[in-house]
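Every chain is numbered from 1, with letters handed out A, B, ... down the list of sequences.
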Amino acid sequence: MTPDLSVTIAGVSFKNPILTASGCCGYGEELAGVFSLSKLGGLVTKSITREVRQGHPPPRTAETGGGMLNAIGLANVGIERFIEEKIPFLEKQKTNIIVNVAGSKISEYVEICARLNDQPRVDMVELNISCPNVDVGGIEFGTQPTLTEDTIRRVRQVFKRPIIAKLAPNVTDISAIAQAAEQGGADALAVINSVVGMVVDPHTWRPRITNNKGGLTGPAIKPIALAAVDRVYNSPCNLPIIGIGGIATVDDMVEFLLCGATAVQIGTALFVEPDTPVKIEAGLKKYLRGKKMASVRDLVGKVRKY
Amino acid sequence: MSKINSEETVVIRRRDLHNDYYSLTFGPLKGISRCRPGHFIHVKLPTSDIFFRRAMSVASVNPESRELEIIFKVFGRGTTRLARFRSGDPIDVLGPLGVGFSKPKKRERVICVAGGIGFPPLLYLATSLVAAGFDPKQIEFFYGGRSAPDIIERQRIRKLGVNFHPVTEDGSVGKKGLVTHHVAELIEARPDEKVRLYACGPEGMLRSTNQLGLDMGVPGELALEAPMPCGIGVCLGCVVPLTKGGYARVCYDGPVFQIGEVAL
């Protein structure tokens with residue numbers, strides 16, 4: 001018997017719980033040269049901003065122990081060209097399309113999501129709330145419960161399909177942010193975004209990326225991400241969780257499901273093995289068969305804690 | 001189009017070329033029929049302390065045996081590990097990847113400008129042009145380095161029958177000075193000929209070649225190097241600034257760019 005890999009998040013059906021993470025698969029075009037995107041439960045695009053952004057000058061990435069540090073600088077084509085040039089390709093893909101949205105003001109999130117609401121093939125939006133808010137002196141949206149709630153509430157008014165809030169781990173209490181997102185009207189959470197980090201060259205005394213600080217991703221952050229998923233899952237917040245952070249194998253994925261994630265996103269692993277999602281999907285079927293389980297959904301939150 | 005994929009293959013030969021230079025040949029590779037001069041492969045290193053694959057330019061291919069050769073110099077952690085491969089070892093390779101060199105026009109004189117460890121893609125280019133029937137005497141192969149041990153595989157280049165011009169900064173082999181200086185002299189000496197530059201090497205040499213091409217109105221192409229996390233165009237980590245503004249991905253839009261295209 002083939003185990004059932006399908007899951008439902010906020011009313012949206014996913015053929016499997018394996019998605020690609022924002023910033024790790026562009027707009028899908030290059031990855032389609034590696035495997036058929038129909039293999040994916042969903043694809044999350046690179047962050048889309050109101051204007052086109054060229055991104056930071058190189059170097060933008062640095063290798064770290066078990067991962068990487070990056071500050072790409074939200075390089076993207078902007079909402080106008082995204083709709084014109086990228087949506088036609090994405091529309092043809094037999095997978096759920098989730099558009100990640102970033103902004104420096106609440107009004108930018110609202111404007112972009114209103115445009116996306118008119119694109120029926122955009123199944124969900126994922127709000128990148130790890131950006132500095134220029135209206136309040138550069139404080140990141142996602143670090144303050146009130147800013148998180150306000151942003152999502154305003155987007156809720158213009159975007160009629162499900163909203164995912166992507167939470168940053170660089171906060172004192174991530175469950176407080178999760179609850180604020182729920183209050184604001186989010187339908188699901190992506191836990192977590194990258195962890196703030198820094199790498200310096202001991203010979204030149206220069207940071208290894210031009211933005212000085214960046215986001216740490218890859219296997220190095222997996223335990224941090226798992227603890228965050230566990231914390232949110234056990235908080236009063238009832239939203240479904242999409243786990244993300246250092247997932248490279250089916251075992252990694254299972255850990256996230258056990259801690260409470262309904263689905264996962266694969267990010268940095270794509271840079272080492274571009275067909276990771278295909279391998280994990282095959283591995284997941286095998287895992288469930290080995291455990292004599294009928295559905296992947298039966299793993300969610302089943303961690304046996306001490 | 002067939003899908004790009006990683007595949008595990010086997011190291012067939014490892015040659016110590018001295019002075020920290022090594023050649024590794026491995027195969028058979030399924031994707032080899034796609035491989036063109038200027039392409040690179042992304043090699044996974046079997047050690048947990050090196051996270052990313054390493055991009056290595058292709059030095060030669062054998063389409064019949066489906067073998068591919070890389071030549072590199074031990075420089076950092078990645079190349080140190082790469083030099084430890086022995087024949088019979090499994091090796092995980094993604095590629096060939098990237099945009100390669102375009103073909104010269106029939107009557108054009110081809111000028112290869114190789115600098116140090118930028119030499120492998122030009123060896124591949126010259127070899128495949130000669131194999132395709134291009135007159136080797138129409139190829140000028142400049143190869144610059146600090147001193148004699150930096151100019152490797154000299155016999156192999158000579159065997160192609162191309163006009164070989166080694167250049168060293170200390171004059172220990174070939175002409176003395178900078179390779180681009182001697183390239184400019186050759187172009188000036190043949191004002192009526194159509195020439196095309198193909199260059200790969202250190203940043204300073206590429207910058208001079210780019211400028212030389214612009215100043216003398218000579219078309220050509222530069223193969224760039226950059227640390228690449230993904231190698232397939234998705235991470236946007238390996239970008240270079242363009243003269244028209246914005247950035248291009250070395251791994252996906254390059255590594256080969258036209259002279260004048262990149263802000264070096």
Winner by heavy-atom pair count (cut-off under 4.5 Å) against chain B, out of [options]:
options	answer
A:Glu273, A:Gln54, A:Glu63	A:Glu63
A:Gly67, A:Gly23, A:Gly26, A:Gly66	A:Gly67
A:Gly218, A:Gly55, A:Pro57, A:Ala75	A:Pro57

Taking all heavy atoms of [X] and all of [Y], pick out the closest pair and write down the distance.
X	Y	result
B:Gly237	A:Thr61	CA-CG2, 3.7 Å
A:Pro274	B:Ile232	CB-CD1, 3.6 Å
A:Val272	B:Lys44	CG1-CE, 4.0 Å

Part of A:Phe35 within contact of chain B (heavy atom distance under 4.5 Å):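 Answer is backbone: N, CA, C or O of A:Phe35 sit under 4.5 Å from chain B.
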Looking at [atom1] of [X] and [atom2] of [Y], how far apart are the two atoms once the value is rounded to the nearest 0.5 Å?
X	Y	atom1	atom2	result
A:His56	B:Tyr247	NE2	OH	9.5 Å
A:Met68	B:Phe51	CE	CZ	8.0 Å
B:Ile4	A:Leu31	CD1	CG	9.5 Å

Please check if the number of heavy atoms outside [X] that lie under 6.0 Å from its [atom1] is greater than 12.
X	atom1	result
B:Glu225	CD	no
B:Phe75	CZ	no
B:Arg146	CZ	no
A:Glu85	CD	yes
A:Arg206	CZ	no
A:Lys15	NZ	yes
A:Lys279	NZ	yes

Between B:Pro227 and chain A, with a heavy-atom cut-off of 4.5 Å, which part of the residue counts as in contact: side chain, backbone, both or neither?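 No part of it gets close to chain A.
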Given that the side chain runs from C-beta out, which part of B:Leu94 has a heavy atom under 4.5 Å from chain A: side chain, backbone, both or neither?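 For B:Leu94, side-chain heavy atoms alone lie under 4.5 Å from chain A.
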If only atom types and distance count, is the side chain of A:Arg60 paired as donor or acceptor with the main-chain N or O of B:Cys238 below 3.5 Å?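 A pair under 3.5 Å: no.
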Counting heavy-atom pairs under 4.5 Å to chain A, which of B:Ala226, B:Cys235, B:Gly246 comes out on top?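 Result: the option with the highest number of such pairs is B:Cys235.
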Go through the steps for B:Leu236 and A:Lys46 under the test side-chain contact (heavy atoms from CB on, under 4.5 Å), then give the verdict. CA-CA 11 Å; B:Leu236 312 187; A:Lys46 199 155 176 42; 3.2 Å; yes
Side-chain touch A:Phe271/B:His42, heavy atoms, less than 4.5 angstrom: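 The answer is no; the side chains never approach within 4.5 Å.
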